[in-house]
Amino acid sequence: MVRNVRATQVEIEAAVQALRDGELVAFPTETVYGLGANAQNPAAVRKIFEVKGRPADHPVIVHLDSPRYLHRWVRELPEAANRLAESFWPGPLTLVLPRAPHVHDVITGGQDTVAIRVPAHPMAQQLLTAFGGGIAAPSANRYGRISPTRAEHVREEFGDTLRVILDGGECQIGLESTIVACEGEQVRLLRPGSVTAAQIRAVVGELAIGPAVDSPRVPGGGPTHYAPTTPLTIVPAGEIDAQADAASRGGRRVAVLAQRLPLRSHQTVTWINAGRRPESYAHDLYNNLRTLDRAGCQRILVQSIPDGERWDAVRDRLLRAATSIAESDDATGSMAVLP
Ligand code: TXA
Ligand code: MG
């Protein structure tokens, strides 16, 4: 459900003023909520890192209202990037491009590239247009935790630390943008998202998958990312009921994220049926993980999701959130790691 899709003029003015004052503003995008700062003010961008507890060398995405000011941020626009921008902007796609010389190191993490996104959410568009410049924004969560898909998640994360939180309702997509690096001839998928590898290939032809071997920074890199605080185990699809039984023996509380209803009732199990459609599973994923994390359980068991590219983004986030993956004799229930 989409509500409050547009902010009032007063809300936008307050947010723009906060950005001009070097303060942070949380705002909705169609993927997840962002924690934004004036991308031309390095001191303001540094605050993002402080508030999130994020290592200082992690680069952030610069958000623009349209490609019209791209030349201020980007040294050159490879042909493939131009085609991707025309096909998917505004939308859930981030392009990593050769940086313009003045782009500050706090944004790029000292790399020779800068990540740019033109989000489609009407409230993000309102804010960006009214501000008239680039907004540097990672997801509005503490480092390594689950990205927020509702304004209340941002409040849970940061309480009163933020002067402005624009409430644009639930994010339509619910997972972070697809990230594609376009440097020279090569096009490389760095982070899967709702724009799939097949959709990108249809526009640019060849697509390399995964970070380059010599790449210093993997998006969302690090062993646990997008993670709840309760240990999370991925369980072979056919074994979810049995594993829930076993884990709840002796009255232990267990949380389950499945794709169907339980076969029988489990007394101390909190069971969420997230369904079999990748779009709605993705839309609900972070909120479901938050709910299960709050359920007072010792473990979260996640039913292994199907193979196939449509599940790539969900699979990527689940693998990053997982503390362990249960082995199975049943090969069809396994979760292949992205190449
Ligand atoms: O959907 C999204 O992309 C959300 C919304 C708010 O736009 N943003 C988001 O930002 O997910 P963040 O910071 O949580 O993830 C962006 C990822 C980071 O892991 C970072 O490493 C990568 O993008 N990144 C940023 N600049 C990069 C660059 N120049 N080269 C490679 N990776 C880069
Ligand atoms: Mg993030």
Side-chain angles (χ1 to χ4, degrees), residues 24-37 39 45 48-49 51-65 73-75 81 88-100 103-121 123-125 127-128 134-149 151 153-154 157 166 168 171-183 188-195 210-212 214-222 224-227 282 286 313 316-317 320-321:
L24 306 184
V25 167
F27 64 99
T29 81
E30 68 276 29
T31 56
V32 299
Y33 275 74
L35 183 59
V45 179
I48 299 177
F49 291 82
V51 167
K52 278 185 65 102
R54 173 166 164 144
D57 61 350
H58 277 225
V60 288
I61 300 171
V62 175
H63 297 69
L64 304 175
D65 70 346
W73 301 95
V74 167
R75 190 167 66 234
F88 300 110
W89 279 353
L93 177 74
T94 296
L95 294 176
V96 172
L97 300 164
R99 74 193 266 186
V103 180
H104 204 278
D105 278 350
V106 71
I107 286 184
T108 64
Q111 302 185 85
D112 195 34
T113 52
V114 61
I116 307 280
R117 176 169 173 225
V118 177
H121 194 293
M123 208 178 277
Q125 280 285 328
L127 177 67
L128 287 160
I135 299 180
S139 49
N141 52 280
R142 291 188 191 275
Y143 180 64
R145 303 252 73 98
I146 304 169
S147 296
T149 53
H153 298 160
V154 181
E157 292 277 326
L166 293 177
C171 298
Q172 225 186 331
I173 291 168
L175 293 184
E176 303 80 359
S177 60
T178 304
I179 304 183
V180 174
C182 299
E183 292 172 75
R188 185 174 282 280
L189 180 70
L190 297 183
R191 179 172 73 184
S194 70
V195 176
D214 58 354
S215 158
R217 279 168 210 73
V218 182
T224 59
H225 221 84
Y226 317 101
Y286 289 152
D316 172 73
R317 304 315 187 272
R320 289 180 196 283

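Just follow the structure's listing: the first ligand is 1, and inside any ligand the first atom is 1.
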Run the numbers for me: atoms of ligand 1, each under 4.0 Å from some heavy atom of [X], listed by number.
X	value
Ile61	3 (O), 8 (N), 9 (C), 10 (O), 16 (C)
Gln111	28 (C), 29 (N), 30 (N)
His63	5 (C), 6 (C), 7 (O)

If I compare all heavy atoms of Val45 with all of Ala39, which pair ends up nearest, and what's the gap?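 Closest pair (atom of Val45, atom of Ala39, distance): CG2-CA, 4.1 Å.
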
Looking only at heavy atoms, which two atoms of Lys52 and Ser139 are closest? And how far apart?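 Reported closest heavy-atom pair: NZ-O, 2.7 Å.
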
Which protein N, O or S atoms lie under 2.8 Å from the Mg ion (ligand 2), given by chain and residue number?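 Correct list: Ser139 OG.
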
Between [Y] and [X], do the side chains contain a donor N or O and an acceptor N or O under 3.5 Å apart?
X	Y	answer
Glu176	Tyr286	yes
Thr108	Arg99	yes
Thr94	Arg191	no

Counting heavy atoms only, which of [options] comes nearest to [atom]?
atom	options	value
atom 13 (O) of ligand 1	Arg54, His58, Glu183	Arg54
atom 26 (N) of ligand 1	Gly34, Ser139, Pro59	Pro59
atom 23 (O) of ligand 1	Ile179, Ile173, Leu190, Ile48	Ile179

Has ligand 1 got any nitrogen or oxygen that is less than 3.5 angstrom from a nitrogen or oxygen of [X]?
X	result
Thr29	no
Tyr33	no
Lys52	no
Ser177	yes
Glu176	no

If you round to the nearest 0.5 Å, how far is [atom2] of [Y] from [atom1] of [X]?
X	Y	atom1	atom2	answer
Asp112	Arg75	CG	CZ	4.5 Å
Leu93	Ser177	CG	OG	7.0 Å
Ile135	Asp65	CD1	CG	9.5 Å
Leu95	Thr178	CG	OG1	10.0 Å
Leu35	Phe27	CG	CZ	8.5 Å

Note, His121 side chain near Thr31 side chain (heavy atom, < 4.5 Å):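 A side-chain contact under 4.5 Å is absent here.
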
Does only the side chain of Thr113 get under 4.0 Å from ligand 1, or the backbone, or both, or neither? Count heavy atoms.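 Under 4.0 Å from ligand 1, Thr113 contributes backbone and side-chain atoms.
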
Where does Arg191 meet ligand 1, judged by heavy-atom distances below 4.0 Å: at the side chain, the backbone, both, or neither?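 The answer is the side chain of Arg191.
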
Contact between [X] and ligand 1, counting heavy atoms under 4.0 Å?
X	answer
Arg99	no
Thr108	no
Arg117	yes

Between Thr113 and Pro98, is there a donor-acceptor pair closer than 3.5 Å when you use the side chain of the first and the backbone of the second?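 A pair under 3.5 Å: no.
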
Is the backbone N or O of Arg142 less than 3.5 Å from a side-chain atom of Arg54, with the two atoms forming a donor-acceptor pair by type?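 Not confirmed, Arg54 side chain does not pair with Arg142 backbone.
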
Please check if the distance between the ring centroids of His58 and Tyr143 is under 6.0 Å.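 Ring centres of Tyr143 and His58 closer than 6.0 Å.
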
